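From a predicted model like this one, the values you see are computed outputs, not experimental measurements. All heavy atoms count here, side chains included; hydrogens, waters and symmetry mates do not. The sequence lines fix the lettering, A, B, ..., with proteins before strands; numbering per chain opens at 1.
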Amino acid sequence: MEKTIVARTGNEAMAEAMRQINPDVCAAYPITPATEIMQIFSSFVNDGLVKTNLITVESEHSAISACMGSAASGARTMTATSSQGLALMHEILYIASALRLPIVLAEVNRALSGPINIHCDHSDTMGERDAGWIQIYAENSQEAYDLLINAVRIAEHRDVSLPIMVSTDGFIISHEMERLEMYPDSEIQKFIGEYKPNYNLLNIDNPITVGSLVLTDYYLEHKRVQHEAMKNAMKVIPEIFAEFKKVFGRQYDFVENYKCDDADYILICLGSTAGTSKVAVEELRQEGIKAGLLKIRVFRPFPAEEIVKYISKAKAIAILDRSESLSTQAGPVATEVKAALYDAGKIIPMQSYVYGLGGREIYVDQIKDVYRKLKNTKISEQVKYLGVKE
Amino acid sequence: MAAPKQSAKEPVKFIGGHRACAGCGFPILLKQMFSSTKDPVVIVSATGCLEVTSTIFPFSAWKVPFMHNAFENSAATCSGVEGAYRSLKKQGKENQNIKFVAIGGDGGTYDIGLQSLSGAMERRHDMLYITYNNEAYMNTGIQRSSATIMGAHTTTSPAGKVVHGKTQNSKNLTEILVAHEIPYVAQTTVAFWQDATSKFSKAFSIEGPKFINALSPCVPGWGYHMSQTVKVSKMAVETNLWPLYEVENGVYKINYKPKERMGIEEYLKLQARFAHLLKPENKEIVENIQKFIDWRWEQLLKKEEMTNKK
């Protein structure tokens, strides 16, 4: 297949994916650093490049509310947001997943206030990890582009029917120019196919009631069904990824295994830090340290077995969390990996770190130091802060 | 516009079995609304009495498509429904002629949903927003809202020993909607069948955003006998507390001018929420309510005069 090689920022890549997906409806509200996605997309709309009805709402709360109305009415629906915007959507995110509406959200990770900050960390999406949305973290522009396209298929799959968010690291990816391989519009359209909704509010002849009051007699059953849908997503995601590979040639999985097979020391992280860590792994290997990296790409559903499979032979593990749960224990990634290991009957020394909050830079040397400490110093039960001024 | 006799013959779209209180205002309002159009209607509702009494899973009282999302976002959700319809219609995937109605109580409209409503009206979605205004948060147990009138006892503005009910006047939401310069804004109430149905009919015939503020008496919240809903609704108009008027493209029309407006005390006497105001020591509050009603009425008359000048 013909591929076009272009230079695009993460936001531009996501906007291009949205243009090619060509949704029926977009409802969005500007917020740094995701603003650009809808800004670029607005030009696509006004230049007649897409058929989308763009609803420029007055808040993120209304953005996701309008998206729900649209998706329930049989329209393929997308939005984009970041940080406070996602937090403002919080209440409605749970309703969107409960009503099984396959909305696709382009997310740009930014720290939550306070203090107010516009730079990258994962506190916004981690704050929504229990909202019943599928969550995918992209390492770079290419992943953001590819995964947003995959997201449409995953969300709309009959056995899944769940909303999905694909995120990039704010500024680090959203505003950084990278090489991007784009595929022809027609191929994207062919890959995503037509949206066939599970139900349609606009069906006048067969009227339905959406969003009923569900009391003690059926609420638990509703949640159980959502649980099953997430489990189905575990099966469906690799199927869609495999189909994507067949058509477009790029391989995706729940996680990315970067030299974990023979590694003594493995670092686990999400998003752009994986790119930095790969350099650290290469340099350490030249020094004779068997370093490996496991990047978690799909965080919801949580691929526990996949993770365990790659890390269970390591001598020690470091987990980098770009968000704080303020429980005095580790961040969300570390606690979930620990739970996965426990279920697998594995006890591996594990050092958890919190790093990069509010956009604090992370450097190759710092990551190398994390690996060296795994090898040379005693693992602490306490979570450590990386790169903090103390 | 459909006369009551005609509408009685039409298929019922909000069916019996719903769990609204006997004497509740909004089922009457829904009947008036449904009898005012032959086109299919899609309803988007805010959380509130109307929604919780009509959609208790696995039952539904709705014979038309109905969607509920949350408390503060019926207008935004309806924006998306109408937005999807518009997109699909443009693509030739939709060929029905559907009317979109967003509904909320006064809590979901005057207060928590005001931003969502304002946004939807400003964006000129083709929808009719109806508020069934019962002047307090009835669904959560009668708390004051910005639609609650001065002096009213609610559970968060109780008639106490020192403070005697709500200390503020109600917000004039109808005028806030007029300021949105949308094609049609109106006030009505359940007792005036012809007035209500003609307003719903007119609203349905106009393209773009429309707003109808309908006073909807509440038996437990207002404290009157369930047989008195129509009477209470009527008296709200006879006292000028709730003028029947409409604003079409900026031009005001008062639909009913009482020959002699009734004193507000007559209205207060009917309802337990005002019982404390009838004590001699609270005379001043009643006077203030009366003054405010008369002032608002004067303002309305001036607006009608001003916008009808040739």
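Side-chain N or O atoms of Glu181(B) include none that pairs as donor or acceptor with a backbone N or O of Gly250(B) at under 3.5 Å. Distance alone, capped at 3.5 Å, is enough to place a donor-acceptor pair between the Asp106(B) side chain and the Asn134(B) backbone.
Most heavy-atom pairs under 4.5 Å with chain B, from the set Val214(A), Val25(A), Ile55(A), Ile204(A): that is Ile204(A). Taking chain B as the reference chain and counting heavy-atom pairs below 4.5 Å, the highest number among Leu215(A), Ile92(A), Leu54(A) is found for Ile92(A). Of all the listed residues (Ala70(B), Ala84(B), Pro58(B), Pro65(B)), the one sharing the greatest number of non-hydrogen pairs under 4.5 Å with chain A is Pro65(B). Comparing Cys78(B), Gly119(B), Ala75(B) by how many heavy-atom pairs each has under 4.5 Å with chain A, the most go to Gly119(B).
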**Study point:** Audit row: Leu86(A), Leu105(A), side chain to side chain contact (heavy atoms under 4.5 Å, CB included) steps and yes/no
**Key:** CA-CA 10 Å; Leu86(A) 190 67; Leu105(A) 186 153; 4.1 Å; yes
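Contact annotation: the side chain of Asn133(B) never approaches that of Ser216(B) to less than 4.5 Å [non-hydrogen atoms, C-beta and beyond]. Taking 4.5 Å as the limit, some side-chain heavy atom of Ile134(A) sits within range of a side-chain heavy atom of Val160(A). Annotation: side chain of Ser35(B) is in contact with side chain of Thr197(B) (closest heavy-atom distance under 4.5 Å).
Residue contact with chain A, scored on non-hydrogen atoms closer than 4.5 Å, involves the backbone and the side chain of Ile56(B) alike. With a 4.5 angstrom heavy-atom cutoff, Ala27(A) does not touch chain B via any of its atoms. Of the atoms belonging to Val52(B), heavy atoms from both backbone and side chain fall under 4.5 Å from chain A. With a 4.5 angstrom heavy-atom cutoff, Leu201(A) touches chain B via backbone and side-chain atoms both.
Here Ile43(B) contributes atom CD1 and Leu128(B) contributes atom CG; the two are 9.0 Å apart, rounded to the nearest 0.5 Å. Trp222(B) contributes atom CH2, which lies 13.5 Å from atom OG1 of Thr154(B) (distance to the nearest 0.5 angstrom). Taken to the nearest 0.5 Å, the CD1 atom of Ile64(A) stands 10.0 Å off from the CD1 atom of Ile95(A).
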What would the table of donor-acceptor pairs between chain B and chain A look like if you include every N and O pair under 3.5 Å, whether backbone or side chain?
unit_1    : atom_1 : unit_2    : atom_2 : d
Thr55(B)  : O      : Leu213(A) : N      : 3.0
Thr55(B)  : OG1    : Leu213(A) : N      : 3.3
Phe57(B)  : N      : Leu213(A) : O      : 2.8
Ser60(B)  : OG     : Thr209(A) : OG1    : 2.5
Phe66(B)  : N      : Ile208(A) : O      : 3.0
Phe66(B)  : O      : Val210(A) : N      : 2.7
His68(B)  : N      : Val210(A) : O      : 2.8
His68(B)  : ND1    : Gly211(A) : O      : 2.8
Glu72(B)  : OE2    : His61(A)  : NE2    : 3.1
Asn73(B)  : ND2    : Ser65(A)  : OG     : 2.8
Gly83(B)  : O      : Asn53(A)  : ND2    : 2.9
Ser87(B)  : OG     : Asp24(A)  : O      : 2.9
Gln91(B)  : NE2    : Asp24(A)  : OD1    : 2.8
Gln96(B)  : NE2    : Leu202(A) : O      : 3.1
Gln115(B) : NE2    : Ser59(A)  : OG     : 3.1
Arg123(B) : NH1    : Glu58(A)  : OE1    : 2.8

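Counted by atom type alone, Thr155(B) and Gln143(B) present one or more donor-acceptor pairs between their side chains at under 3.5 Å.
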